[in-house]
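We count residues from 1, following the sequence as given.
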Amino acid sequence: MLVNNAGRGWYGSVEGTPDADVRRSFELNFFSVTEVLRAVLPGMRARGSGWIVNMSSVAGLRSAPGFGYYSAAKFAVEALTEELRREVAPFGVNVLAVEPGAFRTRAYSGFTDEPVSETVDAYLPFVESVRDSMVGQDGTQPGDPRRGVRAVLDAMDQDDPPHRLVLGTAGYDAVHDQLTHMIAELRTYEAVSRSADFPPGP
């Protein structure tokens with residue numbers, strides 16, 4: 001079994017995040033995922049069995065304010081995981097995307113002493129508020145890591161395991177609201193969407 005759990009958040013605006021931080025974010029949050037996958041898949045295919053658990057995030061389904069590039073990398077993990085699931089199913093390999101909300105893992109503790117590296121002054125108040133909000137949550141996040149792990153293991157034991165698993169009440173509510181809004185908007189613009197095809201007929 002592979003639990004692909006490498007990840008770190010870099011905060012900043014989309015316009016003003018330094019290029020080096022953008023690339024570091026994708027190197028860790030996306031490209032390292034693909035490298036580990038490619039390392040373990042030959043053995044899983046040879047055995048005809050295996051489990052891959054890709055740790056995504058609620059931010060992979062609904063972008064987190066101030067974490068545009070982290071969210072973008074997690075969106076990419078979501079897409080990769082979806083296609084990977086189809087490709088490896090014939091070899092007996094199962095794939096699960098886990099999408100946690102805020103869990104009490106001290107993931108935010110490093111932000112306390114981390115300088116703000118925003119390059120566009122106009123966004124500094126926003127970016128600083130994001131940093132302060134994350135630091136303020138450290139140690140009080142609602143998600144329980146032990147319960148989260150148990151939920152993942154229980155999901156994997158199901159006869160028909162899920163493709164995705166959102167963890168945490170706040171995460172569930174955020175994803176539910178996002179998908180509900182997307183479906184409503186899709187239906188509102190259905191006629192516009194369908195109008196983009198060539199007209200039927202000869």
Side-chain angles (χ1 to χ4, degrees), residues 1-9 25 28-65 67 70-111 133-134 137-183:
M1 180 177 75
L2 167 66
V3 179
N4 230 341
N5 194 35
R8 184 193 187 282
S25 180
L28 177 58
N29 294 315
F30 179 73
F31 287 111
S32 68
V33 171
T34 66
E35 289 175 9
V36 176
L37 285 173
R38 290 175 171 181
V40 304
L41 278 170
M44 290 184 177
R45 285 191 291 102
R47 290 190 302 273
S49 66
W51 261 103
I52 293 172
V53 179
N54 282 342
M55 296 302 294
S56 178
S57 170
V58 167
L61 298 171
R62 189 182 84 165
S63 185
F67 288 83
Y70 172 81
S71 300
K74 290 300 187 179
F75 267 71
V77 168
E78 290 282 337
L80 183 80
T81 303
E82 184 171 316
E83 178 53 25
L84 177 68
R85 184 181 301 111
R86 284 191 286 259
E87 292 179 1
V88 301
F91 304 107
V93 179
N94 294 291
V95 180
L96 172 66
V98 177
E99 295 136 347
F103 271 69
R104 207 168 298 178
T105 61
R106 296 194 56 78
Y108 304 160
S109 60
F111 294 151
S133 173
M134 300 300 273
Q137 291 179 47
D138 187 47
T140 65
Q141 299 96 321
D144 181 337
R146 292 182 183 275
R147 289 173 181 256
V149 170
R150 175 47 54 192
V152 172
L153 294 174
D154 289 346
M156 293 167 63
D157 280 340
Q158 300 299 310
D159 292 334
D160 185 18
H163 292 174
R164 297 175 182 81
L165 185 64
V166 176
L167 295 179
T169 298
Y172 178 90
D173 290 343
V175 171
H176 184 276
D177 290 349
Q178 175 79 356
L179 297 178
T180 299
H181 174 76
M182 289 176 67
I183 288 294

message: If I compare all heavy atoms of Ser56 with all of Glu78, which pair ends up nearest, and what's the gap?
response: OG-OE2, 2.7 Å
query: Hey, mind stepping through Leu167 and Val98 against side chain to side chain contact (heavy atoms under 4.5 Å, CB included) and telling me if it holds?
result: CA-CA 7 Å; Leu167 295 179; Val98 177; 3.5 Å; yes
message: Is there a side chain to side chain contact (heavy atoms under 4.5 Å, CB included) between Val3 and Met55? Walk through the geometry before answering.
response: CA-CA 7 Å; Val3 179; Met55 296 302 294; 4.2 Å; yes
Determine all donor-acceptor pairs shorter than 3.5 Å in which one atom belongs to a side chain in residues 153-165; sequence neighbours excluded.
| from | atom 1 | to | atom 2 | distance (Å) |
| --- | --- | --- | --- | --- |
| Asp154 | OD1 | Arg150 | NH1 | 3.4 |
| Gln158 | NE2 | Asp154 | O | 3.1 |
| Arg164 | NH2 | Glu82 | OE1 | 2.6 |

message: Could you check whether any side-chain heavy atom of Leu96 comes within less than 4.5 Å of a side-chain heavy atom of Val152, counting everything from C-beta outward?
response: yes
Asn54: partners by side-chain hydrogen bond (donor to acceptor under 3.5 Å, both in side chains), with sequence neighbours left out: Asn4, Thr81
message: Are Leu61 and Glu99 packed together at the side-chain level, in the sense that at least one heavy-atom pair is separated by less than 4.5 angstrom?
response: yes
task: Might you work through the side chain to side chain contact (heavy atoms under 4.5 Å, CB included) test for Val33 and Leu37, ending with a clear yes or no?
output: CA-CA 6 Å; Val33 171; Leu37 285 173; 4.1 Å; yes
- line: Heavy-atom nearest pair, Gly9 first then Tyr70, reads CA-CD1, 3.7 Å
statement: Closest non-hydrogen contact found for Phe30 with Ala73 is CD1-O, 4.3 Å
With Ser32 via side chain to side chain contact (heavy atoms under 4.5 Å, CB included) - residues at least two apart: Ala6, Leu28
message: Which residues pass the side chain to side chain contact (heavy atoms under 4.5 Å, CB included) test with Val58, not counting sequence neighbours?
response: Val166, Ala174, Val175
- prompt: Looking at CG of Leu80 and CD of Glu87, how far apart are the two atoms once the value is rounded to the nearest 0.5 Å?
  reply: 8.5 Å
Closest approach of Ala97 to Arg85 (non-hydrogen atoms, all atoms of both residues): N-NH2, 4.1 Å
query: Pairs in or reaching into residues 34-43: which pass side-chain hydrogen bond (donor to acceptor under 3.5 Å, both in side chains), with residues at least two apart or in two chains?
result: none
Salt bridge (Lys or Arg N to Asp or Glu O under 4.0 Å) involving Arg147 - partner list, sequence neighbours excluded: Asp144
message: Is any side-chain heavy atom of Val93 closer than 4.5 Å to one of Leu84?
response: no
task: Drop me the distance from Tyr172's OH to Asp177's CG, to the nearest 0.5 angstrom.
output: 10.0 Å
- prompt: Closest heavy-atom contact between Trp51 and Met44?
  reply: O-CE, 3.4 Å
statement: In short, Pro145 meets Arg104 closest at the heavy-atom pair CG-O, 3.4 Å
